[in-house]
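Since the structure comes first, as structure tokens, the remarks are kept for the end.
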Number of protein chains: 2
Amino acid sequence: MNPRATIADIAKALNVTPATVSRALNDHPGISQETKKAVRKVAEKLQYKRNKIASSLRSGRSHMIGVIIPSAAINFFGEVVHGIEAMANTYGYTVLLYQSNELPDYERKGIEAFVSAGVDGVLASLAKGTVDFGHYLDLKRHNVPLVFFDRVNDELGIPSVVVDDFRGAYTATEHLIGQGYRRIGHIAGQQHLKIFKDRLAGYKAALEASGLPVEEKLIYQGDVSIESGRRAVRHFLELPERPDAIFAVEDYTALGAMKELKERKIQIPEEMGVVGFANEVFGEHISPGLSSIDQQPAQMGKEAFKLLLEMMEPRKEAVVALDQKRVTLAPIAFFRQSSARNGEGA
Amino acid sequence: MNPRATIADIAKALNVTPATVSRALNDHPGISQETKKAVRKVAEKLQYKRNKIASSLRSGRSHMIGVIIPSAAINFFGEVVHGIEAMANTYGYTVLLYQSNELPDYERKGIEAFVSAGVDGVLASLAKGTVDFGHYLDLKRHNVPLVFFDRVNDELGIPSVVVDDFRGAYTATEHLIGQGYRRIGHIAGQQHLKIFKDRLAGYKAALEASGLPVEEKLIYQGDVSIESGRRAVRHFLELPERPDAIFAVEDYTALGAMKELKERKIQIPEEMGVVGFANEVFGEHISPGLSSIDQQPAQMGKEAFKLLLEMMEPRKEAVVALDQKRVTLAPIAFFRQSSARNGEGA
DNA sequence: TTGAAAGCGCTAACAT
DNA sequence: ATGTTAGCGCTTTCAA
């Protein structure tokens, strides 16, 4: 209806200049308390809302950040966004969202949209298929701060936040050993993704630490899907010496494995223990409850934003070169019935 | 590094004026093909990217929309956002996201952030506790198009997209009757939310259509939580004549009911059939598989955006008064084992 | 088909 | 403590 009130309207009402009003609204030191109070009162009365667009154009800062995720329909990313958003809002930033749908082309489009919109920084989790990082490096070239989370690439000198996948996998495997399992198979994920490679490494390390052999036959190359979990089980069962437990690279893979095992009437956890990774919601509701490693998605989002904030609003004391900065969160184990041979499930 | 190229840079390179370049980039009719081609070539070479902020300030249109959801961590909303985003991108819009965390205060803050950012329109799903709609009406007053989805209020003359809750509940109940269940209990949700009221109504209507009595004792007032499902079962089992099936207002409620039933060794679906609502991911992975009603979240997001687009870019033929516009999606039933007394589960 | 000129609303030098 | 002035990069009349 009425055109929005501007700074000029307030200035007119108070017989001061727009500059004064602007300063008052921004709590500039050199403005008297009186004036500030008066300005705020009139602003309230006129329902003044700052025109961020004009402000951004002039100041070069938009107080918006862009977030690129593979898909908002994946629970994990939903929760990461939740964390980012919570943090961003408390610091006065607005979040632009873009989904890559796992397609590098969309990723590039998203970044262009962000640059075009003038974001002050970008948070991103890589699409599975991304191998060319040119669009991300463009951001760097234009001095737009960038932080990766979860699906990261560590060779570009871009700060990142991840969960300690190695340690998570190590903990999971160690737990299975502690429960008395001795032949532990692993359903692995695509090895060009660092997170999956790290999990495989953690699995191996745990075996070695316990003096158990690492057998290649017990490592099934899967692709993080329910079907791949089923296939892995079929493979394992055909072995002359089948495993007595499975550490799956991800919960859906573990789920597929469990389904196949159930259909073949193999008792979980008695005959076969199962541990997944990600602590998806369904894990605590299926039976037996699925043991898993939580990745702390909300916390990951918060840390990622904090890292980005340091880059967007650098403080003097800044110590470490920021492009060296890596935040690694501790994974949290949730052991349930699927791996409780000694009856110690949660 | 290098400051971003502007329209003026292109103009200089071609010995034309910025106005011409602007028109060429916007595919203005009165510009020669030659010029357009030349402009595009130079733009490419200089890696020119339109400064949306300047463009918005001048034109008054930002090509951004704001989306308010209760929480990105709730799968359903994640998927709605997915749908919105997909549609928005194909039409050249960018999505701003804000989470209310179910708090009306955050909702208001979100709207202020959006107004301030100059969005062209807003999509919103109400926080549970929202009873004062002043902030939403403000948007209307300032001619910022607004569309509600899922958690809507129908008394404000604001267009909305919902799934047909009445019909979904009717279908679910009718299905139970078809499976031979005769005493069907309902675990209801908070009745001040229209979606839950509609589901109760659908349940009642289906009973009546089959000549079955509606018994108040078989309607448990719950609050959409796992615990409330458990409580409902305890209540039902204490009745002199206990029900032989349960239609739960929502999947988590159904899950709670199933857990309680299992602990009491009551066979599902033989002794007690169960149907939920929402078709959450876990439903197909628990055993028995949970029958449920899908709300088509992605489709809901797409329809909501389309409605908003009509308001943001009205076409001449516009027929119906837009504030009367209601889109109702057909729910889709997924019947699984939890209600398959006749052995017809999916 | 193109140019000239003005201005969207705000902020930041520079002045006083 | 406040005013003056200029301009961010773009679009859009109006004019040629």
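Note on naming: letters A, B, ... go to the chains in the order of the sequence lines (proteins, then strands), and numbering restarts at 1 for each one.
The CD atom of A/Glu303 sits 13.0 Å away from the CG atom of A/Leu308 when rounded to the nearest 0.5 Å.
Comparing A/Thr17 and A/Arg58 against DNA chain D, the residue whose closest nucleotide sits nearer the 5' end is A/Thr17. Between A/Pro18 and B/Thr35, the residue anchored closer to the 5' end of DNA chain C is B/Thr35, taking for each the nucleotide with the nearest heavy atom.
B/Thr6 comes within contact range of the sugar-phosphate backbone alone, with a heavy-atom separation under 4.0 Å but no base atom that close. Across all strands shown, A/Ser32 has heavy atoms under 4.0 Å from sugar-phosphate atoms exclusively, and none from any base. Within 4.0 Å of A/Asn15, counting heavy atoms only, lie sugar-phosphate atoms of the nucleic acid but no base atom. Among the atoms of the strands shown, none is found under 4.0 Å from any heavy atom of B/Ser56.
Between the CZ atom of A/Arg61 and the P atom of C/dA12 there is a distance of 11 Å, given to the nearest Å. In this structure, A/Leu25 places its CG atom 17 Å from P of D/dA1, rounding to the nearest Å. For the pair B/Asp27 CG and C/dT1 C1', the computed distance is 15 Å after rounding to whole Å. For the pair B/His63 NE2 and D/dC10 C1', the interatomic distance rounds to 14 Å; values are reported in whole Å. Separating the CG atom of A/Leu14 from the C1' atom of D/dA1 is a distance of 15 Å, rounded to the nearest angstrom. With rounding to whole Å, A/Lys52 atom NZ is found 17 Å from D/dC8 atom C1'. One interatomic measurement links the two molecules: NZ of A/Lys49 to P of C/dC10, which rounds to 13 Å at whole-angstrom precision. Taking atom OH of residue B/Tyr48 and atom P of nucleotide D/dC10, one finds them 4 Å apart after rounding to whole Å.
For B/Ala19, counting side-chain heavy atoms from C-beta on, the closest listed nucleotide (C/dA4, C/dT1, C/dC8) is C/dA4. The side chain of A/Ile7 sits closest to C/dT11 out of C/dT11, D/dG3, D/dT11. With D/dT2, C/dC8, D/dC10 as the candidates, the nucleotide lying closest to the side chain of A/Thr20 is D/dT2. Comparing C/dT1, C/dT11, D/dC8 against the side chain of A/Asn26 picks out C/dT11 as the nearest. With D/dT12, C/dC10, C/dT2 as the candidates, the nucleotide lying closest to the side chain of B/Ile31 is C/dT2. Set against C/dC10, D/dT11, C/dG9, the side chain of A/Ser55 has C/dC10 as its closest nucleotide. Side-chain proximity of A/Ala54 to C/dC10, D/dG9, C/dT2: nearest is C/dC10.
Ring-plane geometry between B/Phe305 and B/Tyr93 is classed as perpendicular, the angle between the planes exceeding 60 degrees on a 0 to 90 degree scale with a lower cut at 30. Ring orientation note: the planes of A/Phe148 and A/Tyr136 are nearly perpendicular, at an angle over 60° on the 30°/60° scale.
Looking at A/Ile69 and A/Val81, their side chains come closer than 4.5 Å, going by heavy atoms from C-beta outward.
Residues B/Gly118 and B/Ser62 come closest through the heavy atom pair O-OG, 2.6 Å.
With respect to A/Asp138, the side chain to side chain donor-acceptor pair (under 3.5 Å) criterion is satisfied by exactly one of A/Arg141, A/Lys140, A/His142, A/His135: A/Arg141.
Within 3.5 Å, a donor on the side chain of A/Arg23 pairs with an acceptor on the base of D/dG3, or the reverse.
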